Amino acid sequence: MFSFVVIAYNDELYIKDCLSSIQSQTYHDIEVIVVDDCSSDDTAAIIAKTIDGDSRFRLVRRQQNAGAHIARMTGVRETHGEHVIFVDGDDRVQSDLCEQLNRKYETMQPDILRFGIHVIPLHASDEFTKALESSFNVDFDYRTGKE
């Protein structure tokens, strides 16, 4: 099972698309812990409406904003899956993400899988977008032992 930990703070413009992208996974053995880090906008209400009726999803609402690290830790404590995937509230994932990851885990049996991102520029220059993408999409070697 894959456990998604989605953290959200004032992501009302993006959170529905984020959660919908996870709901559309072609691999169905997932759970999703959505942590609202005490948003001051309509993020929590949008989350609740979007996940209503989907038993794979659970909303955890923090009573005080503590930042991304604490929000992720809060989510991880609630997971039951063998593998954890971290997603921010303004991210979207490909519908076959878990299917692809499952194939890698079955064939390679890694401890950690790191994968890249594709940045969609909304309010940023192409130069900034490419630099951001480049900073995340480096170092994809296979390592073993103490490496």
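What you see is a predicted model, and the numbers here were worked out from it, not measured in a lab.
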Open item on the list: Taking the side chain as everything from C-beta on, heavy atoms only, tell me whether Arg103 gets closer than 4.5 Å to Thr107.
Closed with: no
Task: Side chains of Ile30 and Cys98 in contact at under 4.5 Å (non-hydrogen atoms) - done: yes
Indicate the atoms forming the closest heavy-atom contact of [X] with [Y], along with that distance.
X	Y	value
Thr79	Val76	OG1-O, 2.8 Å
Asp11	Asp41	N-OD2, 3.7 Å
Pro110	Lys104	CD-O, 3.8 Å
Val35	Ala71	CG2-O, 3.7 Å
Cys38	Asn65	CB-N, 3.5 Å
Ser95	Ser24	CB-O, 3.5 Å

Open item on the list: Consider side chain to side chain contact (heavy atoms under 4.5 Å, CB included). Of Val60, Thr43, Leu19, which one does Val34 pass it with?
Closed with: Leu19
State plainly whether the residues [X] and [Y] are in salt-bridge range, i.e. N to O under 4.0 Å.
X	Y	result
Arg92	Asp17	no
Arg58	Glu78	yes
Asp88	Arg72	yes

According to a 4.5 Å side-chain heavy-atom criterion applied to Ile, Leu, Val, Met, Phe, Trp and Tyr, with indirect links allowed, do [X] and [Y] form part of one hydrophobic cluster?
X	Y	answer
Phe86	Val93	no
Ile46	Ile7	no
Ile22	Val5	no
Val87	Ile47	yes
Phe57	Tyr27	yes

Nearest 0.5 angstrom please: [X] [atom1] to [Y] [atom2], how far?
X	Y	atom1	atom2	answer
Glu31	Ser55	CD	OG	11.0 Å
Leu59	Thr50	CG	OG1	10.5 Å
Ile85	Phe2	CD1	CZ	5.5 Å
Leu97	Phe4	CG	CZ	5.0 Å
Met1	Asp29	CE	CG	5.0 Å
Thr26	Gln100	OG1	CD	8.5 Å

Open item on the list: Tell me whether Asp90 contacts the main-chain N or O of Ile15 through its side chain, where contact means a donor paired with an acceptor under 3.5 Å.
Closed with: no
Open item on the list: Would you say that more than 12 heavy atoms from the other residues, nucleotides or ligands in this model lie under 6.0 Å from the CD of Gln94, or not?
Closed with: no
Task: CA sep, side-chain torsions, deciding dist, call: Thr74, Arg62, side-chain contact (heavy atoms from CB on, under 4.5 Å) - done: CA-CA 9 Å; Thr74 300; Arg62 291 194 41 80; 3.3 Å; yes
Open item on the list: Applying side chain to side chain contact (heavy atoms under 4.5 Å, CB included), can you list everything that pairs with Ser125, at least two apart in sequence or on another chain?
Closed with: Glu127, Phe128
Task: side chain to side chain donor-acceptor pair (under 3.5 Å) evaluation trace for Asp36 with Ser39 - done: CA-CA 6 Å; Asp36 175 58; Ser39 295; 2.5 Å; yes
Task: His28 vs Arg56, side-chain contact (heavy atoms from CB on, under 4.5 Å): CA-CA, chis, key distance, verdict - done: CA-CA 9 Å; His28 299 287; Arg56 302 172 301 168; 4.2 Å; yes
